[in-house]
Amino acid sequence: MNADFSELRTKMIDGQLRTTDVTDTAVLDAMLAVPREAFVDEKRRPLAYIDEDIEIAPSRYLMEPSPFAKLLQLAAITPADRVLDIGAGTGYSSAVLSRLAGSVIALESDPALAERAKAALAETGGGNVTVIVGQLDEGYAAGAPYDVIIVEGAVGRLPESLFSQLGEEGRLVVIEGRGNAGIARLYLKTGGSITGRRAFNAAVKPLPGFESTPSFEF
């Protein structure tokens, strides 16, 4: 059966995003414009629009549409913003971000995924995206400061180095915690200080490299 991806994309917007309080027109338009199926393996393309995380490599996933869209909405991205997309994977998130921001750094630790991202972005647009291969939990200091940093997966910890790469009034959006205990948070840098607030609950797959540091118990 050949999937009508355009129809599936519209159903994703109406059935998964609007119904979970995603109301930002720019976010909805960006996700409607990007062909999600172009960023997954051919055998998984019929599943590109399901409301689940989709595996793109061992232990790596394309985030479920609803929490991803809610993170974008939370970040309040503007056309003037410079964005760091941590864990860009095959480039889908960066493709969507490219339609919201002025420029995007797509940071990916897996060279094979980075090459897939470059190819998919070349096919679907995203001329304002630069794909960088590097360690995810270190961010990309060479491109700092950023107006927005988004982390593409659940984390157990956030390195201080990421906050140092935010510019004044910069925002970092992330899901902290594993499984059903995941909580989306918005961090804001003002006057050199970081404040954070809880935004919504979300269960997404973890992003490798951000595991909690074990503590000693006596």
Side-chain angles (χ1 to χ4, degrees), residues 21-27 30 63 67-89 91 93-109 114 117 126 128-178 181-216:
D21 299 320
V22 180
T23 58
D24 188 303
T25 302
V27 171
M63 192 185 296
F68 173 62
K70 293 176 76 172
L71 283 177
L72 297 183
Q73 182 169 266
L74 186 63
I77 301 165
T78 75
D81 285 340
R82 180 173 177 81
V83 178
L84 175 62
D85 187 21
I86 297 179
S93 54
S94 295
V96 175
L97 286 163
S98 74
R99 288 160 170 79
L100 299 170
S103 62
V104 179
I105 297 293
L107 181 64
E108 178 48 53
S109 58
N128 58 346
V129 179
T130 302
V131 179
I132 299 293
V133 176
Q135 190 168 323
L136 301 183
D137 63 349
E138 293 182 356
Y140 185 62
Y146 302 101
D147 301 294
V148 174
I149 296 176
I150 180 169
V151 184
E152 300 292 342
V155 305
R157 64 179 179 88
L158 276 175
E160 287 297 321
S161 59
L162 298 186
F163 293 119
S164 71
Q165 293 174 29
L166 282 175
E168 181 67 11
E169 299 300 324
R171 291 89 68 201
L172 185 152
V173 290
V174 63
I175 296 173
E176 298 179 331
R178 297 178 69 94
I183 298 171
R185 296 187 187 276
L186 168 67
Y187 290 94
L188 176 66
K189 189 171 190 176
T190 307
S193 298
I194 300 292
T195 57
R197 69 173 176 87
R198 175 177 179 156
F200 57 89
N201 295 337
V204 302
K205 293 292 191 296
L207 185 63
F210 292 87
E211 296 81 6
S212 299
T213 303
S215 59
F216 292 102

Set of side-chain hydrogen bond (donor to acceptor under 3.5 Å, both in side chains) partners for Asp81, sequence neighbours left out: Thr78, Arg171
Could you work out, with ring pair (Phe, Tyr, Trp, His ring centres under 6.0 Å) as the rule, every residue matching Tyr146, not counting sequence neighbours? none
By ring pair (Phe, Tyr, Trp, His ring centres under 6.0 Å), Phe163 pairs with (sequence neighbours left out) Tyr187
Whether [X] side chain and [Y] backbone form a donor-acceptor pair below 3.5 Å:
X      : Y      : answer
Glu168 : Gly191 : yes
Glu152 : Met63  : no
Arg185 : Leu172 : no
Asp85  : Ser94  : yes
Asp137 : Phe210 : no

Any side-chain heavy atom of [X] sitting closer than 4.5 Å to one from [Y]?
X      : Y      : result
Thr23  : Gln73  : yes
Val83  : Ile105 : no
Leu166 : Glu169 : no
Leu136 : Leu107 : yes
Leu158 : Glu176 : yes
Ile175 : Ile183 : no

Neighbour count >12 (heavy atoms, 6.0 Å) for atom CZ, Arg178: no
Taking every non-hydrogen atom, the tightest pair across Pro67 and Val204: CG-CG1, 3.7 Å
For Arg82 against Asp147, the heavy-atom pair lying closest together: N-OD2, 2.7 Å
For Leu72, which of Asp24, Val148, Val22, Leu97 qualifies under side-chain contact (heavy atoms from CB on, under 4.5 Å)? Leu97
Apply side-chain contact (heavy atoms from CB on, under 4.5 Å) to Tyr140 and Ile149, showing your working. CA-CA 10 Å; Tyr140 185 62; Ile149 296 176; over 6 Å; no
